[in-house]
Amino acid sequence: MTKHQTDFAPSGGSTVELGRRTFLVSAAAMAGGLTVGILPAEQAAAALGSRNPGQQSTGAEFTGVVSIAPDNSVTIRTVKCEIGNGVHTGMAMIVTEELGCDWNLVRGEYMPPNRNLRENNLYSKTGGLAYFSGRSTGKEMMEQLLQIGASARERLRVAAATRWGVPVDQVKAENSTLTHAASGRKLTYGEVASDAAAIKLDAEPALKPKSEWTFLGKASRKRINMQHILDGSAVYGLDVQVPGMVYATVRHVPAHGGKLKSYNFDAIKAMPGVRAVVVVDPAEGGRGLPDRVTAPMGMSATTNGPQAAVAVIADHFWQAKVALDLLPVEWDAGDGAKWTTTQSIYTALGEAAKDTSRGNVLRAKGDVDDALKSGRRVEMEFMTPYQDHFLMEPLNGTALVTADRCDVWISTQHAQQAMYVAADETGLHPEKVHVHATYVGVGCGRRIYGDDVRTVVAIAKKMAGKPVKVIWTREETTRQGRYRDIAAAKITATLGDDGMPKAIDINQAASRPIGRNLTDTPYQFAIPNFRGRTKPFATNIMTGPFRGPVFVSNCFFLETFINNCAETAKLDAVEYRRRLLANFPDKGWIKTLDEVAQKANWGQSLPRGTAQGVAIGNWAMATTQDGAPVPFSGSTVATIVTVEVSRRGNVAIPRVDVAFDLGSIINPDAVRAQMEGGVIMALSSSLHEELNVANGAIVEGNLDGYRAMRQADPLMPQEIHVHFGGNSGHDRFSEAGEPPMGPPPPAFVHAYFRATGKWITRKPFMKYMG
Amino acid sequence: MAFDLKVNGKTVSVDADPQTPLLWVLRDHLAMTGTKYGCGINQCGACTVTIDGQAARSCNIPAAQAVGKSIVTIEGLSPDRTHAVQRAWAELDVPQCGFCQSGQMMAAVGLLARNSKPSDADIDQAMNNLCRCGTYLKIRAAIRRAAELV
Ligand code: FES
Ligand code: FES
């Protein structure tokens with residue numbers, strides 16, 4: 001039995017598991033689902049631009065996922081939203097492998113969650129992370145998409161064979177063209193699409209084995225939405241225009257969890273364009289979902305419950321913003337006020353980590369206490385702060401609520417969750433809620449649970465019948481985050497005569513106390529005595545998933561500690577890891593490490609002040625029920641960071657090398673982009689980013705106080721080399737987005753130590769360097 | 001109060017407080033949403049347009065100050081996505097989420113207008129926009145490529 005660590009897993013859901021056969025229903029059967037009237041709001045959505053994914057084009061439908069138009073264009077509708085990770089492109093590629101269509105004719109749209117619901121959750125079997133959010137390459141998702149492609153292709157072949165009066169096996173389908181070799185006849189997919197869509201196959205075609213793939217994993221494909229980005233026509237949530245809409249901007253209680261005491265609308269009433277002030281009151285609560293219906297990602301006060309807020313509604317955003325800045329508001333900070341300073345939190349967190357009298361033991365073997373009594377001792381204390389996603393696109397959304405319908409246009413990572421949150425907030429049945437997803441200006445976990453959706457709907461419902469676009473200012477987006485979890489650890493080891501760890505004792509405390517990439521490390525197979533313990537630590541500040549939750553902190557703790565063990569033992573840190581991993585059956589780890597070491601020329605002699613550091617980690621590795629790592633799971637990444645420290649102490653990063661084992665991949669350039677971007681986000685957040693707290697409220701609001709890496713940052717890595725030679729080719733297709741967030745920071749710290757003799761044990765590194 | 005702006009070669013009339021930042025006039029009054037809001041305080045560059053050929057961060061410029069000048073936004077960069085910067089961006093597959101990229105491309109246009117062969121240091125200095133997806137190295141390469149394509 002294995003399980004994934006499910007710290008933010010879907011809560012089951014209202015969706016129905018359907019047989020494999022069902023999603024292949026023909027267009028005739030689907031037509032019923034399409035006869036719903038087009039309402040004004042849908043027309044408005046269509047007006048967004050013919051090339052944006054929320055718009056629904058027409059064409060012969062093979063299932064809701066694939067339509068082919070007479071002009072031969074292929075539309076592939078995906079349940080996942082494009083957040084920059086290329087998922088929209090990836091899913092279309094998977095269908096293309098079996099469909100055999102011309103990639104240049106493919107475009108992407110979204111599957112509206114409401115349609116999915118009306119059609120019995122046909123396109124989202126599990127309803128949770130697996131379908132409406134996340135990557136393109138989950139096993140079930142891939143099989144479903146490949147089968148859809150294969151089924152459509154077979155029906156096209158049957159249609160062509162029927163038209164020509166030849167046996168089907170003489171019809172070849174390739175590159176959007178059907179060919180009968182003997183007679184030299186040809187038809188395009190588009191020419192027979194409507195015949196084909198009406199055909200029902202007796203049996204579903206078998207899928208090609210992976211070894212026969214001609215498209216996936218071969219050449220890279222550019223993102224299918226490139227053209228919209230190039231000319232500014234890509235519509236993000238912030239860009240939605242609904243006829244007749246008004247604008248709102250919102251301010252929440254600065255101390256998370258606090259209350260609104262009072263405000264004075266009269267003070268701003270007469271300002272130009274101002275229409276109203278509305279209050280979001282958590283005490284009102286959601287209206288609830290119908291019986292036995294639950295949201296795929298659940299509902300809770302901190303994940304998507306409302307926070308106390310006031311919003312000004314005006315004719316234009318700028319009018320609303322100017323008025324809100326002048327609106328007198330008094331807040332009651334509530335319990336959060338006890339966290340007077342950031343230091344008060346760090347002190348309490350550090351103490352929690354060190355407190356060995358309590359804690360949840362996630363993993364224990366051997367006699368750690370006894371083995372810690374002798375041998376060379378290594379001991380370190382670590383801490384990581386709250387950090388903001390700092391999504392490029394500030395939070396926003398547009399909603400139109402009437403007595404019997406709710407429309408929401410939003411940048412979201414989970415359009416289905418958004419539908420349920422809007423249903424809960426309005427009390428409307430989910431069938432009456434229409435979420436029109438847009439492109440997304442970065443997600444990273446922030447836009448999954450739908451707290452933004454709730455606030456938008458809570459404001460718009462007070463202006464029933466009027467579309468309201470709600471925009472959080474940057475400051476409000478930052479101060480009302482669901483941040484990277486705060487974490488601290490004390491790790492102690494004793495080394496044996498060979499310099500390898502005899503015992504390691506890990507004591508961690510975190511706002512999400514999980515042991516991913518810490519207590520489940522495969523190193524433990526080479527360490528006779530090993531214990532990993534975690535404790536929950538909470539303040540009023542809310543946290544949430546952020547590109548590799550807790551993994552990022554844990555990887556920093558563990559890898560820095562292992563590097564210190566190796567340096568203390570005067571052993572090479574790459575070789576040290578090879579020995580620690582020698583007993584682990586998943587050789588992808590060592591392969592990845594060897595690949596990066598070789599490509600980065602590890603061990604080369606470098607000028608004074610320049611040094612390399614190494615780290616490895618695995619995101620989303622499965623664990624056994626007793627917390628041991630499961631081989632051949634998750635995404636392994638190894639990194640070597642080269643650091644230059646000048647005599648004056650100026651630090652630069654001339655080069656970063658990355659290797660990985662994701663198992664298999666479908667689009668090499670998309671993987672490369674995720675790795676490069678991940679390295680930069682990881683270094684940005686680890687070097688610079690920290691949110692401070694004063695009286696329970698976040699201090700930083702914008703880039704003047706919160707430093708995120710920009711083009712001219714002196715610490716910008718000057719080169720990033722992504723190497724593919726570590727990939728094992730194992731059957732899994734693991735995520736590429738999260739894993740590069742882990743190893744680069746500890747590799748930087750290791751290089752910095754080797755250049756300066758100083759260990760950095762806390763983030764942000766810049767604060768503790770020099 | 002109504003006033004005229006010259007945007008992408010056309011003169012348009014706007015009825016807004018002339019102190020409204022140009023960014024919000026473009027977005028809310030003219031429905032030209034290719035120009036993005038990222039920070040509103042002249043830091044991130046998402047709102048970059050060119051004014052009389054120079055890159056300018058529109059969140060920090062009252063619309064009144066742009067009256068009589070020639071404003072170009074991403075929508076007006078070329079009729080068919082064939083400006084050298086757009087071609088370079090496509091060739092190198094620069095964008096990830098894309099949200100920062102209008103501003104990145106317009107900043108690149110401004111840079112290349114005054115420096116046809118920028119060095120890496122020139123690029124870093126002139127751009128300094130935020131890209132949370134981390135496409136900086138591709139942006140640098142794409143600007144060098146665009147300089148060749150001009
Ligand atoms: S929005 Fe203008 S610089 Fe950030
Ligand atoms: S491409 Fe996403 S912020 Fe730059």
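Lettering of chains follows the sequences in order, A, B, ..., and the numbering in each one begins at 1.
- Per-residue heavy-atom pair counts under 4.5 Å with chain B were compared for A:Glu719, A:Glu393, A:Met716, and the maximum is reached by A:Glu393.
- In this structure, CG in A:Leu391 is found 10.0 Å from CZ in B:Phe99, a value given to the nearest 0.5 Å.
- Between chain B and the options A:His389, A:Gln674, A:Lys469, the largest number of non-hydrogen pairs under 4.5 Å is found for A:His389.
- Listed here is the closest heavy atom pair of B:Asp124 and A:Ala712: O-CB, 3.3 Å.
- Ranking A:Val679, A:Asp704, A:Ile83, A:Leu683 against chain B, the residue ahead of the rest is A:Asp704, based on heavy-atom pairs under 4.5 Å.
- One distance of note links CG of A:Leu703 with CD1 of B:Ile41; it measures 6.0 Å at 0.5 Å rounding.
- Residue contact with chain A, scored on non-hydrogen atoms closer than 4.5 Å, is absent for B:Leu77.
- Ring orientation note: the planes of B:Tyr37 and A:Phe317 are tilted relative to one another, at an angle of 30° to 60°.
- Of all heavy-atom pairs spanning A:Trp318 and B:Asp28, the tightest one is N-OD2, 4.5 Å.
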Start with the C-alpha distance between B:Thr33 and A:Leu238, add both sets of side-chain angles, then the distance that settles side-chain contact (heavy atoms from CB on, under 4.5 Å), and finish with yes or no.
CA-CA 8 Å; B:Thr33 53; A:Leu238 195 66; over 6 Å; no

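- Shortest non-hydrogen contact noted between A:Leu230 and B:Gln86 is O-NE2, 3.0 Å.
- Looking at A:Ile229, the atoms closer than 4.5 Å to chain B (heavy atoms on both sides) sit in the backbone and in the side chain alike.
- With respect to chain B, the highest number of heavy-atom pairs below 4.5 Å among A:Glu475, A:Met245, A:Gln718, A:Gln319 belongs to A:Gln718.
- Of the inter-residue distances, the one linking B:Ile139 atom CD1 with A:Gln711 atom CD reads 5.5 Å to the nearest 0.5 angstrom.
- Within 6.0 Å of atom NZ in B:Lys117, more than 12 heavy atoms from other residues, nucleotides or ligands are found, so the atom counts as buried in its surroundings.
- In terms of heavy-atom pairs under 4.5 Å with chain B, the best-connected choice from A:Ile471, A:Asp713, A:Asp669, A:Thr473 is A:Thr473.
- Considering only heavy-atom pairs separated by less than 4.5 Å from chain A, the leading option among B:Arg27, B:Gln125, B:Met127 is B:Arg27.
- Residues B:Lys138 and A:Glu676 are in side-chain contact: their nearest non-hydrogen atoms beyond the backbone lie under 4.5 Å apart.
- Taking a 6.0 Å sphere around CD of B:Glu91, one finds it holds more than 12 heavy atoms contributed by other residues, nucleotides or ligands.
- Interface residue B:Trp89: backbone and side-chain heavy atoms are both found under 4.5 Å from chain A.
- The closest donor-acceptor contact from the side chain of B:Asp93 to the backbone of A:Lys222 lies at 3.5 Å or more, if one exists at all.
- Taking each heavy atom of B:Arg132 and A:Met681 in turn, the nearest pair found is O-CE, 3.2 Å.
- The existence of a salt bridge linking B:Arg81 and A:Asp231 is confirmed by a sub-4.0 Å separation between a basic side-chain nitrogen and an acidic carboxylate oxygen.
- Between B:His29 and A:His316, some side-chain heavy-atom pair lies under the 4.5 Å cut-off.
- Taking B:Cys39, B:Gly34, B:Cys100 one by one and counting their heavy-atom pairs under 4.5 Å with chain A, the maximum is reached by B:Cys39.
- For the pair B:Cys97 and A:Val440, the tightest heavy-atom approach, listed with the atom from each and the gap, is CB-O, 3.4 Å.
- Both the backbone and the side chain of A:Ala673 have a heavy atom closer than 4.5 Å to some heavy atom of chain B.
- Within residues 101-114 of chain B, the residues having any heavy atom closer than 4.5 Å to a heavy atom of chain A are B:Gln101, B:Ser102, B:Met105, listed by residue number.
- The candidate with the highest count of non-hydrogen atom pairs below 4.5 Å against chain A, out of B:Pro21, B:Ser78, B:Ala31, B:Gly45, is B:Pro21.
- Here the side chains of B:Pro95 and A:Met226 are in contact, with some heavy-atom distance below 4.5 Å.
- Closest approach of A:Tyr236 and B:Gly98 over heavy atoms only: OH-C, 3.1 Å.
- In this structure a side-chain-to-backbone donor-acceptor pair under 3.5 Å is missing from A:Arg710 to B:Asn129.
- Judged by distance alone, the side chain of B:Tyr136 and the main-chain N or O of A:Pro717 form no donor-acceptor pair under 3.5 Å.
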As a quick check of understanding, evaluate side-chain contact (heavy atoms from CB on, under 4.5 Å) for A:Val442 and B:Gln96, giving each step before the final call.
CA-CA 9 Å; A:Val442 200; B:Gln96 289 192 24; over 6 Å; no

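- No side-chain donor from either of A:Arg474 and B:Gln43 sits under 3.5 Å from a side-chain acceptor of the other.
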